[in-house]
Amino acid sequence: MAHSSNAAEVSYNVMKFGARADGKTDSTQAFVKAWASACSSGQGNAVMYIPKGRFLLKAVVFRGPCKTRQVTVRIDGTLVAPTDYRALGNSGYWILFIEVTGLRVLGGSLDARGSALWACRKSGKSCPVGARSITFNWANNVLVSGLTSINSQATHLVVNSCNNVVVRNVKLIAPSESPNTDGIHVQSSTGVTITGSILQTGDDCISIGPGTRNLYMSNIKCGPGHGVSIGSLGKDLKEDGVQNVTLTNAVFSGSDNGVRIKSWARPSTGFVKNILFQNIIMRNVKNPIIIDQDYCPNNQGCPSMSSGVKISQVTYRNIQGTSGTAEAVTFYCSPSTPCTGIRLQDIKLTYLNKPTTSSCKNIGDDLKHAL
């Protein structure tokens, strides 16, 4: 079943386990068997190899921990979801890696064929929740490089409860009207780096959930989509905070938001601190810089309340370009826990070749002078 390319690396080709590259034969069990062999091989580096072609996969779990020090999933082909979106059921995931340490996912394409589910959602009918295309739960020391994901049913790529994850040179693409197709969602994770990626989606390019610490994002192209969002936070009373987040060298094109911090207007122990947004170009972005602590969708569960999420030490530096609206900077902070330590330096945003305006609520005096 295996062949060795060098002494330290053993390769397991999914075709040898019965996978068919015709895009029609269900290859899920073949992938599970190939994974089990790579994961239990005990080699220094085991490779699960997916050659060129289209492989039909249903919801699949690649579970650790592995005996192998490092498992590489090398994808030269395309993984396709079933045409009937109900086949993935309500599990919420399509491809799930769980409790794996030392994982590399290299290359390849994912096609989740999400359009039928989006149409179901738009029609107002009862639909499944939709599957996130690729999810990493409780995984450590992970590299995802060169992956392309198109037409996800829900979020393209999720990093949840992980440590030391690098996502680089990925392309995550879904139409601007597709609902809830976030590019990358990070939560409850420490030490995540996202670099050199193109994110064109129907929701947030990158969304940052509770418990995210030491997140570094650079060389990101975002748009269409809803921008890079910290939040929404504060939905729950007891919630982990977000801290030490950097976004640098990014271009936003035609997105609804640029850099956004968003929290529910309800009590919470959550917080946001030590955030840096710098060296960013905005091209016709509706809300280039926004803090919104009045988030209350459909006015349910939070009217007349205020957000308990404390936002502090947020720096916006060298952000230039064009706004899609006259108001480019909006800070709507919480009346009960006002924002503090908000700094703006070298912000040059225009609307129809004129200077833009800003508005602020519940924010320290130090900011008002900067504007």
Side-chain angles (χ1 to χ4, degrees), residues 160 179-180 182 185-189 203-213 215 225-247 255-277 285-316 319 323-344 347 349 356-371:
N160 174 41
N180 301 115
D182 297 71
H185 178 67
V186 180
Q187 69 179 38
S188 303
S189 296
D203 209 310
D204 293 330
C205 291
I206 300 172
S207 63
I208 299 153
T212 300
R213 293 170 186 239
L215 169 63
H226 297 175
V228 170
S229 294
I230 296 176
S232 38
L233 303 176
K235 189 174 186 186
D236 299 319
L237 177 61
K238 287 207 160 64
E239 189 175 272
D240 288 337
V242 173
Q243 63 186 26
N244 303 346
V245 174
T246 296
L247 172 67
S255 52
D256 283 6
N257 304 290
V259 290
R260 173 168 65 165
I261 302 174
K262 181 170 77 164
S263 76
W264 287 72
R266 52 206 293 177
S268 175
T269 60
F271 63 85
V272 176
K273 71 177 179 190
N274 195 19
I275 312 295
L276 173 61
F277 298 116
V285 173
K286 287 184 191 150
N287 301 299
I289 297 172
I290 180 166
I291 293 177
D292 174 14
Q293 294 203 264
D294 288 339
Y295 184 63
C296 188
N298 308 320
N299 280 325
Q300 289 181 339
C302 37
S304 74
M305 292 206 271
S306 81
S307 175
V309 175
K310 173 70 179 166
I311 298 174
S312 63
Q313 309 309 319
V314 184
T315 299
Y316 303 87
I319 299 177
S323 173
T325 56
E327 185 175 294
V329 178
T330 306
F331 292 133
Y332 287 168
C333 294
S334 165
S336 57
T337 43
C339 300
T340 57
I342 310 293
R343 296 185 188 88
L344 295 114
I347 311 296
L349 294 164
T356 50
T357 61
S358 63
S359 68
C360 310
K361 288 196 306 198
N362 308 312
I363 198 158
D365 288 336
D366 52 346
L367 172 74
K368 293 192 177 113
H369 303 138
L371 291 170

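Counting from 1, the numbers follow the sequence of the chain as shown.
- With hydrogens and angles disregarded, no donor-acceptor distance shorter than 3.5 Å links the side chain of Ser358 to the backbone of Thr330.
- Minimum interatomic distance between Ile208 and Val242 (heavy atoms only, all atoms of both residues): CG2-CG1, 4.0 Å.
- A disulfide is not assigned to Cys333 and Cys360, since their SG atoms are no nearer than 2.5 Å.
- Taking both residues in full, the closest heavy atoms of Ser268 and Gly234 are given as OG-CA, 3.5 Å, listed atom of the first, atom of the second, then distance.
- Expressed to the nearest 0.5 Å, how far OG of Ser312 lies from CD1 of Ile342 amounts to 7.5 Å.
- Between Tyr316 and Phe331, the ring-plane angle classifies as tilted under the 30° and 60° cut-offs.
- Note: Leu276 CG to Arg343 CZ = 10.5 Å, rounded to the nearest 0.5 Å.
- The closest side-chain heavy-atom distance from Gln293 to Asn362 is not below 4.5 Å.
- Taking both residues in full, the closest heavy atoms of Thr212 and Val186 are given as OG1-O, 3.2 Å, listed atom of the first, atom of the second, then distance.
- In this structure, Asp240 does not pair ionically with Arg213, as no charged nitrogen and carboxylate oxygen lie closer than 4.0 Å.
- Ion pair Asp292/Lys262 not flagged as a salt bridge, since none of the NZ, NE, NH1 or NH2 atoms sits closer than 4.0 Å to an Asp/Glu carboxylate oxygen.
- Summarising the geometry, atom CD1 belonging to Ile291 is positioned 5.0 Å from atom CD1 belonging to Ile311; distances are rounded to the nearest 0.5 Å.
- Under a 3.5 Å cut-off, the side chain of Gln243 and the backbone N or O of Asn274 do not form any donor-acceptor pair.
- When each of Pro267, Cys339, Ser263 is checked for a side chain to side chain contact (heavy atoms under 4.5 Å, CB included) with Val309, only Ser263 meets the rule.
- Here the straight-line distance linking atom SG of Cys205 with atom CG of Asp256 works out to 10.0 Å at 0.5 Å rounding.
- Here the SG-CZ distance, from Cys296 to Arg266, works out to 8.0 Å after rounding to the nearest 0.5 Å.
- Across every non-hydrogen atom of His185 and Gln187, the tightest pair is NE2-OE1, 2.8 Å.
- Thr356 places a side-chain N or O within 3.5 Å of a backbone atom of Leu349 that can act as its donor or acceptor partner.
- The shortest non-hydrogen separation linking Ser359 to Glu327 is OG-OE2, 3.0 Å.
- When side chains are defined from C-beta on, Asn287 does not count as touching Arg260, because their heavy atoms never get closer than 4.5 Å.
- One distance of note links CD1 of Ile275 with CG of Asn244; it measures 7.5 Å at 0.5 Å rounding.
- In this structure a side-chain-to-backbone donor-acceptor pair under 3.5 Å is present from Ser255 to Asn257.
- No cation-pi contact links Lys310 to Phe271, judged by a cut-off of 6.0 Å to the six-membered ring centre and 45° from its axis.
- With Ser307 contributing its side chain and Ser334 its backbone, the two residues share no donor-acceptor pair below 3.5 Å.
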